[in-house]
Number of protein chains: 2
Amino acid sequence: MSNRTACETERARAVARRRELLVEAAHELLVSRGFHGLSLEEVARKAGVTRKTVYNHFGSKLGLLEAIFDAVATKGEVWRLMEAAEFPDLREAIARAVEASCRLWSSDRELLRRLVGLAAVDPETASVVMEREQRREATWARLVQRLAAAGMLRPGVSPDQAVRASMALTSFATFDALAPPDAPPAATVELLLRLLSGIVDLSGSG
Amino acid sequence: MSNRTACETERARAVARRRELLVEAAHELLVSRGFHGLSLEEVARKAGVTRKTVYNHFGSKLGLLEAIFDAVATKGEVWRLMEAAEFPDLREAIARAVEASCRLWSSDRELLRRLVGLAAVDPETASVVMEREQRREATWARLVQRLAAAGMLRPGVSPDQAVRASMALTSFATFDALAPPDAPPAATVELLLRLLSGIVDLSGSG
DNA sequence: CAACAAATTACACACATTGTATAACGAGAC
DNA sequence: GTCTCGTTATACAATGTGTGTAATTTGTTG
């Protein structure tokens, strides 16, 4: 019988559902106990399956981590960042890029704190994070290239410096240090733009 | 906790020497393999002692970590930061504080990358790093207080925002993102001061 | 319905690591 | 020449990762 559901059979949906539950359980435990305290046994129990099932789905603890990372990237709407870098008006492009960054970082702050930190702690997990970070760098490199062409970099600031500075300012670490736990994202966006103005000329009309 | 290593007897010196070797070995392994890959067995072997000796000295893996942290704090000359905050001339005080931060962060960059990241990854180790971070915050709070009193904060920037911004800008994460691996620290100091100028009025003569 | 295929379970295993315990040992301290 | 204290050797318990295998459930399919 041909299945009505364009995507899956009911069985495949059940498998996907279990996978979802596992990622969710791992997510919560990663936040509450940290990476070292995250045991696959507990993840499995919390999701109501066996540890073996976890391995069937993700292969290893690292694989599970990657799945968590993908989930947060989707939820945080990373695509907004890439989109912003191509916006015609440069000032608006920067504002949108900064706003997209803050949106991403605030989408799941505690989880990202673990994830980003992990890359610095454990060489094995670094590649997972670095891959995403390179895409972020490409975005800012593109944006700075446009800024340089428009003569909007402040005198004495090289494009290379500008890329590093904007990467640093819009990194998760900076967001996490800047944004008070309960403050609206907009306030942090404004503060970041203010700091960016030390590097880029944001005054005047577009 | 161990002694202040009075080194009166030759024996005490031998013990202190072993401890030194252990910290050094752990340091290298932490950098090369990360925290997760750092096994006390290997640390002991590298230092030419038994694993039990490691426990005699540090009590646990966390204790060893703390010892490593203390060593890098000393080598990085943290005291310069506190000293800078009290320098009479405010512009010079800021410059010195930023310079002291860069000096600290560049003193052992790869190690600090692990150490700082660890705090975000593992709740158990967080306290070790947080303790130091609080001292850093106290320093910048003091400095910002002086800046606010002198009317040097840019209009629209609250003291609270200024503290968070300066903390963020002079954090290890920002330094690590800003400074190219081979660049002289001075270049990074200049870039940081430029970014800080978005928050603080650094123009005019001191 | 019955055969099938795929995912999951229950169970066992090898291996690494942390942390503890205890008796024997050895070199400097007195 | 003892004595003390750190160290060694060794064993042990507790966890956690990752693999393997047979049995079992559960949709799918002919």
Side-chain angles (χ1 to χ4, degrees), chain A residues 1-23 25-26 29-30 32-68 118 121-125, chain B residues 1-3 5-23 25-26 29-30 32-68 118 121-125 128:
Chain A
M1 185 189 293
S2 62
N3 45 12
R4 294 289 177 137
T5 55
C7 347
E8 318 274 343
T9 72
E10 182 179 343
R11 179 164 192 172
R13 221 179 313 143
V15 173
R17 175 69 187 141
R18 260 188 291 262
R19 186 191 175 90
E20 218 171 88
L21 279 176
L22 278 170
V23 172
L29 288 171
L30 178 56
S32 61
R33 312 229 171 148
F35 183 70
H36 178 235
L38 175 74
S39 92
L40 299 192
E41 182 68 47
E42 205 172 355
V43 171
R45 196 173 12 173
K46 194 172 176 114
V49 297
T50 312
R51 190 162 58 94
K52 181 73 188 183
T53 300
V54 180
Y55 281 98
N56 283 346
H57 274 280
F58 307 103
S60 68
K61 198 173 177 178
L62 195 64
L64 181 54
L65 202 74
E66 202 151 354
I68 297 175
L118 200 53
V121 168
D122 185 357
E124 286 196 34
T125 68
Chain B
M1 311 309 138
S2 284
N3 45 21
T5 60
C7 284
E8 296 215 346
T9 72
E10 183 179 342
R11 180 164 191 178
R13 218 178 314 144
V15 173
R17 174 71 187 141
R18 260 188 293 262
R19 186 191 174 88
E20 219 171 87
L21 279 176
L22 277 170
V23 172
L29 287 172
L30 179 57
S32 61
R33 312 230 171 149
F35 183 70
H36 178 237
L38 175 74
S39 94
L40 299 191
E41 182 70 47
E42 203 172 357
V43 170
R45 195 176 25 203
K46 193 170 176 116
V49 297
T50 312
R51 191 162 57 93
K52 179 74 186 179
T53 300
V54 180
Y55 282 97
N56 283 346
H57 274 281
F58 307 102
S60 69
K61 198 173 177 179
L62 196 63
L64 180 54
L65 201 73
E66 201 151 355
I68 297 175
L118 200 52
V121 168
D122 185 357
E124 285 195 34
T125 67
V128 178

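Because the structure is a prediction, the values reported are computed rather than measured. Order of the sequence lines fixes the chain letters, A, B, ..., with proteins taken first and strands second; residue numbering starts at 1 for each chain.
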For this session: Check whether any side-chain N or O of B:Arg18 sits under 4.0 Å from OP1 or OP2 of D:dG6, and answer yes or no.
Result: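 So the side-chain polar atoms of B:Arg18 never come under 4.0 Å of the phosphate oxygens OP1 or OP2 of D:dG6.
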
Exercise. Do any side-chain nitrogens or oxygens of A:Ser39 fall under 4.0 Å of OP1 or OP2 in D:dT15?
Worked result: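 Negative; the distance criterion is not met.
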
What residues form a side-chain contact (heavy atoms from CB on, under 4.5 Å) with [X], not counting sequence neighbours?
| X | answer |
| --- | --- |
| A:Ser60 | A:Leu62 |
| A:Ala47 | A:Leu21, A:Leu22, A:Ala25, A:Val49 |
| B:Ser32 | B:Leu29 |

When the distance from [atom1] of [X] to [atom2] of [N] is rounded to whole Å, what number comes out?
| X | N | atom1 | atom2 | value |
| --- | --- | --- | --- | --- |
| A:Arg19 | C:dA6 | CZ | P | 18 Å |
| B:Arg33 | C:dA16 | CZ | C1' | 13 Å |
| B:Tyr55 | C:dG19 | OH | C1' | 5 Å |
| B:Arg51 | D:dT10 | CZ | C1' | 11 Å |
| B:Leu40 | D:dT8 | CG | P | 15 Å |
| A:Arg17 | C:dT8 | CZ | P | 14 Å |

Exercise. When you check every protein heavy atom under 4.0 Å of nucleotides 21-30 of chain C, what one-letter string (B, S, -) results, 5' to 3'?
Worked result: BB---BBSS-

So, using side-chain hydrogen bond (donor to acceptor under 3.5 Å, both in side chains) as the criterion, who are the partners of [X] when residues are at least two apart?
| X | result |
| --- | --- |
| B:Glu41 | B:Arg51 |
| B:Arg45 | none |
| A:Glu42 | A:Arg33 |

Can you name the residues that form a salt bridge (charged side-chain N to carboxylate O under 4.0 Å, His left out) with [X], not counting sequence neighbours?
| X | value |
| --- | --- |
| A:Glu20 | A:Arg17 |
| A:Lys46 | A:Glu28 |
| A:Arg11 | none |

For this session: Give me the residues of residues 56-67 of chain A where at least one heavy atom lies under 4.0 Å from an atom of DNA chain D, by number, or none.
Result: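 Heavy-atom contacts with DNA chain D come from A:Gly59, A:Ser60, A:Lys61.
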
For this session: Provide the closest heavy-atom pair for A:Gly34 versus B:Pro123 in the form atom of the first, atom of the second, distance.
Result: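 Distance-wise, the nearest heavy atoms are CA-CD, 3.6 Å.
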
Exercise. Among residues 41-49 of chain B, which contact DNA chain C at a heavy-atom distance under 4.0 Å?
Worked result: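 Correct list: empty, so none.
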
For this session: Please check if the side chain of A:Lys61 supplies one atom and the backbone of A:Ser39 the other of a donor-acceptor pair under 3.5 Å.
Result: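 Between the backbone of A:Ser39 and the side chain of A:Lys61 there is no qualifying donor-acceptor contact (under 3.5 Å).
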
